[in-house]
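Everything on this sheet refers to the single structure shown next.
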There are 2 protein chains.
Amino acid sequence: MDLRRLRYFVAVAEARSVGKAAERLRMAQPPLSVQIRKLEAEIGAPLFRRGTRGMDLTEAGQALLARASEALALAADGAEAARAVAAGKRGRLSVGYMFVLANAVLPRLIPELRRSIPGVDLDFAELSASTREARLLDRSVTVALCMPAIHHPEIQVARIGAEPFMLAMPIRSPLARLGAVPMAKLQGRPLIALPWPDHDPASSAVAALLRRHQIVMPIASRVETVHSAMSLVLAGEGLAILPACAQLGAPRGIVFRPLRDATDSIDIAVCWRRDSQSPLIRTFLKCAEKAVAPL
Amino acid sequence: MDLRRLRYFVAVAEARSVGKAAERLRMAQPPLSVQIRKLEAEIGAPLFRRGTRGMDLTEAGQALLARASEALALAADGAEAARAVAAGKRGRLSVGYMFVLANAVLPRLIPELRRSIPGVDLDFAELSASTREARLLDRSVTVALCMPAIHHPEIQVARIGAEPFMLAMPIRSPLARLGAVPMAKLQGRPLIALPWPDHDPASSAVAALLRRHQIVMPIASRVETVHSAMSLVLAGEGLAILPACAQLGAPRGIVFRPLRDATDSIDIAVCWRRDSQSPLIRTFLKCAEKAVAPL
DNA sequence: CTCAACCCATATGTTTTCGGTATGCCAATG
DNA sequence: CATTGGCATACCGAAAACATATGGGTTGAG
């Protein structure tokens, strides 16, 4: 069963004439006649009544016509849908994000995305530092908003911004009275550390910052999320050095202060599989850049 | 867009491998690979991700797969439906019948039809003597139960039975006392005549009957239907010579009596267009014969 | 580290099928 | 009887599909 035959069949049925249909199909009449007869042979029954004034569907032909025109429409629609998905006009984009960025970026990013790619279903998933690579690699998220960037040979990274580090402390802390905290004041104070997933904690941005200023802060706790870090800070367990944007999700009772002399910052990046050919990624990147710009 | 390509595409998508799909399709692997690439070229986007362990649908491919498998099913179903209609297992049969036969034949015929061709939609239309030919010729009925048969070069006829003529009269008529009415008693009595559509009324079966017995009955009225004839008989306008089966639809107050010495009968026939190739006609004919047999 | 296995892609020749042109047949028309 | 209109058939050249042979990449075992 060839789709071309069905197309010809529908054309002849509508034109009620082989000649007229051939004209509309921009082909000669004889081959069309042959194709119709082949279709009839394939079905095993006449589909048209040949009269002296053209052709007329038999009942078997009518039964076929209903399905055939629908099948044609479906096939055309399938091709169109596939093109639309490939062009990024339809489809699904699953966006992963790390919790730190949720409050700072998502409120700007989501409306931007909906405006840019209205036909696309979006879904969002929070990523933890430990699973974000796997989620990209197994394609359960297409694109991820990360801080800092992921380093992996299969994963492509675009840096879209950076956040300075700030010191998070309880509002009652004596350091909170200062406008900006000199690095020296941190010496010896307990630190709530995050495992930035550069695997080796010593190489993390915070560790590097402290090492460069020759400050030693004993690690009071090591936690997975910014969330937990702030809870421990609030409980008086220690101080945390966090990207500025964490401020937006901070509970009452925590204050952030800039670190004087510390120009270090941590990258905000968009990451995706290098082999992912989704055209939505480019659009996503533009939206993300726009959403991050004011920071 | 070729249906074969879609079939190949679905096979590869399901097998998640060109080689496996080729095996299932009983063909070599390279041409299948080529066909898939041609489909991708036609769509204008990759439909599969080629991995080292087979192929995997892209999102565009998924969008196509949904429609493609549906289109395939629809096309197959269309062919099957056309075959079923051609074989008389499905479809529509419109049956015309003349009023005289309604009471005698339809109650047996309809259940018989439903049993024989359960997948077929039946519809019934009452035919008048004057339109029955036209209804067959323009195909608004496929098959007609007629009394008597239609004579027309385009119309084929099968005689399935015959009904003797009887005399219809008011119950109070003196003739009603006789068990069988001798033809001679009809001499000079007014007749309610029907225009059996052999166009020339003189050639109708009733006229022939009277002529053969050398009886003259003045025509009191000429009416279109058996119905009307019986009404006029009841009103005392005259007598009518009707097929025996008309008895079943007769109003109270009318009695039927056999005509002694008159062995004439009128055919019950099934008629259809000579060029109608519907296989339902044969089945209908069998059912009609069975329904008429006990008469 | 090399080798075999696996799987998809490409190349080439043969066969099938399709579309075009020329023509025949039949019925309706004048 | 000739003409017209419409579908069917015959034949030929072109295009497409399939099969066989082969290349290249990755995986996994020895």
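Every chain is numbered from 1 and lettered A, B, ... according to where its sequence line falls, protein lines coming before strand lines.
Between B:Glu42 and B:Arg5 there is a salt bridge, since at least one side-chain N of the basic residue sits less than 4.0 Å from a carboxylate O of the acidic one. Between B:Arg50 and A:Asp275 there is no salt bridge, since no side-chain N of the basic residue sits under 4.0 Å from a carboxylate O of the acidic one.
Nucleotide C:dT17 holds its P atom 11 Å from the CG atom of A:Asp2, rounded to whole Å. The CD atom of B:Gln29 sits 11 Å away from the P atom of C:dT10 (whole-angstrom rounding). Put simply, CE on A:Met55 is 18 Å from P on C:dC26, counting in whole angstrom units. For the pair B:Asp275 CG and C:dA27 P, the interatomic distance rounds to 13 Å; values are reported in whole Å. Across the protein-nucleic acid pair, A:Arg53 atom CZ and C:dC26 atom C1' stand 12 Å apart, rounded to whole Å. Here C:dC8 presents its C1' atom at 14 Å from CE of B:Met27, a figure rounded to the nearest Å. Look at CZ on B:Phe48: it is 10 Å from P on C:dA9, rounded to the nearest Å. Going from atom NZ of B:Lys20 over to atom P of C:dC8 covers 8 Å, rounded to whole Å.
The neighbour count for B:Glu23 CD, taken as heavy atoms of other residues, nucleotides or ligands under 6.0 Å away, does not exceed 12. No more than 12 heavy-atom neighbours from other residues, nucleotides or ligands sit within 6.0 angstrom of CZ on A:Arg24. Taking a 6.0 Å sphere around CD of A:Gln62, one finds it holds more than 12 heavy atoms contributed by other residues, nucleotides or ligands.
The nucleotide whose nearest atom lies closest to any side-chain atom of B:Pro30 is, among C:dC8, C:dT10, C:dC6, C:dT10. Of the candidate nucleotides C:dC7, C:dA9, C:dG19, C:dA9 has the atom nearest to the side chain of B:Ser33. The side chain of A:Arg5 lies closest to C:dC18, out of C:dC18, C:dT21, C:dA9.
The side-chain hydrogen bond (donor to acceptor under 3.5 Å, both in side chains) analysis of residues 74-86 of chain B, with sequence neighbours excluded, yields the pairs A:Arg67-B:Asp77, B:Glu80-B:Arg83.
As judged by a 4.0 angstrom heavy-atom cut-off over every strand, B:Tyr8 is placed among residues touching the sugar-phosphate backbone only. Using a 4.0 Å heavy-atom criterion, one finds that B:Gln35 contacts the sugar-phosphate atoms exclusively. Counting any heavy atom pair closer than 4.0 Å across all strands shown, B:Gly51 reaches no nucleic acid atom.
Heavy-atom nearest nucleotides on DNA chain C were determined for A:Thr52 and for B:Arg16, and the one closer to the 5' end corresponds to B:Arg16. In terms of position along DNA chain D, the nucleotide closest to A:Arg37 lies nearer the 5' end than the nucleotide closest to the other residue of the pair B:Arg26 and A:Arg37. Annotation: of the two residues near DNA chain D, B:Lys38 and A:Ser17, the 5′-most nearest-nucleotide partner is A:Ser17.
With hydrogens and angles left out, the side-chain atoms of A:Thr58 and A:Arg49 include no donor and acceptor closer than 3.5 Å.
With contacts defined as side-chain heavy-atom distances shorter than 4.5 Å, the pair B:Met147/B:Asp267 does not qualify.
Put simply, chain B comes within 4.0 Å of DNA chain D, heavy atom to any atom, from D:dA17 to D:dT27, going 5' to 3'.
Applying the 4.0 Å criterion to OP1 and OP2 of C:dC7, one finds that B:Arg50 has every side-chain N and O outside that range.
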